[in-house]
Structures are given as structure tokens and as C-alpha cells.
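The structure appears right after this line, and notes come after that.
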Protein chains: 2
Amino acid sequence: MDTRERLIESTRELLWERGYVGTSPKAIQQRSGAGQGSMYHHFSGKPDLALAAIDRSAAELRQRAEAAFTGPGSAVERVAAYLRRERDALKGCPVGRLTQDPDVMADPGLRRPVEETFTWLTGRIAELLEEGRAAGELDPALDPRVTATALVATLQGGYVLARAAGDAQVFATAVEGALSMLTR
Amino acid sequence: MDTRERLIESTRELLWERGYVGTSPKAIQQRSGAGQGSMYHHFSGKPDLALAAIDRSAAELRQRAEAAFTGPGSAVERVAAYLRRERDALKGCPVGRLTQDPDVMADPGLRRPVEETFTWLTGRIAELLEEGRAAGELDPALDPRVTATALVATLQGGYVLARAAGDAQVFATAVEGALSMLTR
DNA sequence: GTCTATAGTACGATAGAC
DNA sequence: GTCTATCGTACTATAGAC
């Protein structure tokens, strides 16, 4: 892994752990093993480097979700498989946590990948729920888009509750609660 | 409002807007109109002041929730009333947002009120769901505690999605999606 | 491409006058 | 109780040698 690559990966980790405000160029340099000059050679500054890191985390989230959505099983089973997928619940969502960072949300360039990620994810799950409804797997009373929004919210809120409790199991409980309501 | 009170209220606002890491003593002093010496006379430092602010925000959340829980209507209607209560969705939850702050979660004193708030809230909603189940308002297949966890997660995640979209309506959509699944 | 040196500002807190 | 002065450190970035 070359220097530029190590800078991006170190920034991804630090944004995940400490957020944008809590991540200093110095910390990035120390974690990546790059010097000051090296970092400012490859990137114009902290926002530029953060953009590269956020773009990559957003792309990774989409790829991992799409892998579950195109896996085996019925449409609703694939949604459930995505919700139940193994996660490091106590670390939180690398994309969702950025919504709490005022400096990220204030910068249109940094904000765009965050916004697009959740628009895409909600839309994708809505498609699958629509498919499930057409196949008779799902109560027709449930609006696909509205229900998809609630399911994505349960995931993001599950991270919050797990961190508050200091217990990753709480995330799993929130997911099972949502799935019980969905498929009963 | 005296100086000590203005310091606490200013800190509450800043923690809500910018989080613990993003809130400096200087910013607190400027917003409250207090000088350096004044702040360090009333509080031993940033953590001490943050604790006073967090304690108050946590107490306020509980009071506002309890007001909905003891309002009119059946048990399930009171849960729905709490979920639908007017909120500034784009500002996020003043308590929930602290779970994303590593320096808050690393300090047992600052973390306790956050943890206790969600333990209490989830338990309180579980009680109401149990009451609703006993009254035949709710599908007996739904476990009260698990369902309560999912509902609280929907609220917290609703804030995340609303901020990501830059649209408070997304929060309302998440809540309606959860209630549709619950009460259909 | 990477290094060290340096700049200007802000952070978080303390000291001591009033 | 509040004020100003000050401290040592960290932040974010630039300059210029190699």
C-alpha cells in the first residue's frame, strides 16, 4: 500500500472513530506513517483528504449492501439478510455518523456522498419491498418507500442505542424488533 | 438568568449543535457572555460543565416523554403520540447525538446519563406496549421490550436520515413507517 | 515525493489583581 | 465573582531544502 493509499485508509478509520472535527491532520499522519509534507503533497488539506475517505466508505457501504440484496432468497428474505448482516455495532455506521458532524454537513462536497448513500439505500430496499409485496410475501397495507425509510432508520438508531448501552446486542434486538413487526 | 445558568444553557446548545469535541470553552464563554475567570469559578473545567449540561438535557427528555406517556388515549395511542410529537428533526436528539462523541463515551461520568436515558425510555415504552397487549390493542406476537427497542431506534435513526437528506419530513416518514408496521 | 522548519491561530487551563 | 494576563500544547497549513 503506497503513501496516498495509507493516508486515505487512516483517515477512514479516524473519521469512523472520532468524526471529522475530532480528526486532526497530525493524527492522520501518525497513523499512516506519512509526514506533513507527504500529506500536503497528495491532498490540498483536511477537507480534500476527508472527501476521498468519505467517498470510499460510501462506495463500500453500497457494495456490501448490494451483495446482500442480490444474494439468495425471496425479496423480503434478502432485506432481512441485509439487516441481520454482521456488523461492528459499537463502532457505528461509518457513513451515518458523519451526519452528526456539523463541519461535514456544512460542506456541500463532503455532504453529497452521505446524502446520496441513504437516498440510494432507502430506494433499493423500497424496490425489494415492492417486489415482495407483488409476490405476496408482504402485507399490502405497508407502503414500500415509507417502510424502507423506517427500516433504514432502525439500523441507524440501532447503532445509537448499542453505543449508549455499551452493548452490541442492543443493535440486534432493534433489528429483530423491526423484522418482527414487518413479517408477522 | 444568572451567569452559572447561562453557562449551562449555552453549553447545552453547543453540545447539541457541535458535540463535545466541537465545543470549546471559548465558544461557551462567548455565547453565554461570561469571561474565562467566571466559567472556571463556577465549574472545574469543560467536563464538569458538560456534565451539568448533559444531566439537564437528559432530565428534560425524560420529562417531555413522560408528559406524552401520561397523556390521554390508550397505551398504544400514547406511544404513538410520543413518536409523533413535534421535534426539530434536523437538529437531532440532544442526548442521542452524544453517543457519537468518543470523549463523552470514554468518560464514565458523562456517559452514565446518556446510558440511563435510553434504558429508561426503552423500558417505559415496553411497559406501555405490555399494557396495550394486555388490553388487546396489540398483536400478542410482538415482544414488548424488543418492539420498544426497535421503536426508539427508529426515532434515533430518523434523526440521522433527516439530517442526511436535509429534510425534516424524512423523520416523520420513518415514524409513520414504524407505526404502520406496529398497528396494522 | 518526502523531509524539517516555521507560522499564526485556537485550545484548555491557571494566576493573580480587583 | 469577575477580570485580564499568561502558559504550554495542539491545530492547520506553508516554505523551502533535499
Side-chain angles (χ1 to χ4, degrees), chain A residues 1-56 97-98 100-111, chain B residues 1-56 97-98 100-111:
Chain A
M1 197 159 55
D2 64 9
T3 299
R4 185 189 158 84
E5 197 61 22
R6 287 203 314 278
L7 281 164
I8 295 175
E9 287 302 314
S10 298
T11 304
R12 292 216 305 148
E13 292 170 11
L14 285 164
L15 286 180
W16 198 355
E17 295 166 15
R18 303 197 43 82
Y20 184 81
V21 171
T23 295
S24 69
K26 189 177 192 174
I28 294 169
Q29 291 150 23
Q30 288 176 338
R31 185 169 298 207
S32 65
Q36 296 245 34
S38 194
M39 179 188 133
Y40 284 100
H41 169 75
H42 290 288
F43 298 95
S44 68
K46 180 177 166 177
D48 187 33
L49 182 43
L51 178 58
I54 294 172
D55 272 341
R56 184 172 297 183
R97 81 128 27 245
L98 299 170
Q100 302 302 321
D101 225 310
D103 292 1
V104 170
M105 300 315 277
D107 183 327
L110 296 180
R111 184 199 176 131
Chain B
M1 194 158 58
D2 65 8
T3 299
R4 185 190 158 85
E5 197 59 23
R6 288 203 314 278
L7 281 164
I8 294 175
E9 288 302 315
S10 297
T11 303
R12 292 215 307 146
E13 293 170 11
L14 285 164
L15 286 181
W16 199 355
E17 295 167 15
R18 303 198 43 82
Y20 184 81
V21 172
T23 296
S24 69
K26 189 177 192 175
I28 294 169
Q29 291 151 23
Q30 288 176 338
R31 185 168 299 207
S32 65
Q36 295 245 32
S38 196
M39 178 186 133
Y40 284 101
H41 169 74
H42 291 288
F43 299 94
S44 68
K46 180 176 165 177
D48 187 34
L49 182 43
L51 178 58
I54 293 172
D55 272 341
R56 183 172 297 184
R97 80 146 291 144
L98 298 170
Q100 301 303 319
D101 225 310
D103 292 1
V104 169
M105 299 315 277
D107 183 327
L110 296 180
R111 183 199 177 131

| task | Measure the distance from CD on E5(A) to P on dG1(C) and round it to the nearest whole Å. | result | 14 Å
| query | With sequence neighbours excluded, what pairs up with E5(A) under the salt bridge (Lys or Arg N to Asp or Glu O under 4.0 Å) test? | reply | R56(A)
| message | For nucleotides 13-18 of chain D, give me one character per nucleotide, 5' to 3': B if any protein heavy atom sits under 4.0 Å from the base, S if the only such contacts are to the sugar-phosphate, - if neither. | response | BB----
| field | Spacing of F43(B) atom CZ relative to dG12(C) atom P, expressed in whole Å | value | 16 Å
| When rounded to the nearest 0.5 angstrom, what is the spacing between CG in D2(A) and CD1 in I8(A)? | 8.5 Å
| message | Nearest 0.5 Å, please: how far is CZ in F43(A) from CE in M39(A)? | response | 8.5 Å
| query | Any donor and acceptor pair, going by atom type alone, linking the side chain of R6(A) with main-chain N or O of A34(A) inside 3.5 Å? | reply | no
| message | Without decimals, in angstroms, what is the distance between Q29(B) CD and dT4(D) P? | response | 11 Å
| request: Could you tell me the separation between the NE2 atom of H41(A) and the C1' atom of dC3(C), rounded to a whole number of Å? | output: 13 Å
| query | Does a nitrogen or oxygen in the side chain of T3(A) sit under 4.0 Å from OP1 or OP2 of dT2(C)? | reply | yes
| request: To the nearest Å, give me how far apart CG (D48(A)) and P (dT12(D)) are. | output: 15 Å
| request: Calculate the interatomic distance between I28(A) atom CD1 and dA10(D) atom C1'; express it in whole Å. | output: 14 Å
| said: It should be established whether S24(A) places a side-chain nitrogen or oxygen under 4.0 Å from OP1 or OP2 of nucleotide dA10(D). | reply: no
| task | Would you confirm whether T23(A), through its side chain, and L14(A), through its main-chain N or O, come within 3.5 Å as a donor-acceptor pair? | result | yes
| task | Please collect all side chain to side chain donor-acceptor pair (under 3.5 Å) contacts where either partner lies in residues 27-40 of chain A, sequence neighbours excluded, each pair once. | result | E13(A)-R31(A), E17(A)-R31(A)
| request: Only pairs at least two apart or in different chains count here, so list each salt bridge (charged side-chain N to carboxylate O under 4.0 Å, His left out) that has a residue in residues 100-110 of chain B. | output: R18(A)-D103(B)
| message | Let me check the geometry of the helix from dG1(C)-dC18(D) to dC18(C)-dG1(D). What is the bend angle between the axes at its two ends, five pairs each, to 10°? | response | 10°
| message | For a 4.5 angstrom cut-off between non-hydrogen side-chain atoms, does I54(B) reach Y20(B)? | response | no
| said: Rounded to whole Å, please give me the gap between CG in L49(B) and P in dA13(C). | reply: 10 Å
| query | Whole-Å distance between dT9(D) C1' and Q30(A) CD? | reply | 13 Å
| request: Just grab all the side chain to side chain donor-acceptor pair (under 3.5 Å) pairs involving residues 41-55 of chain B, residues at least two apart or on different chains. | output: none
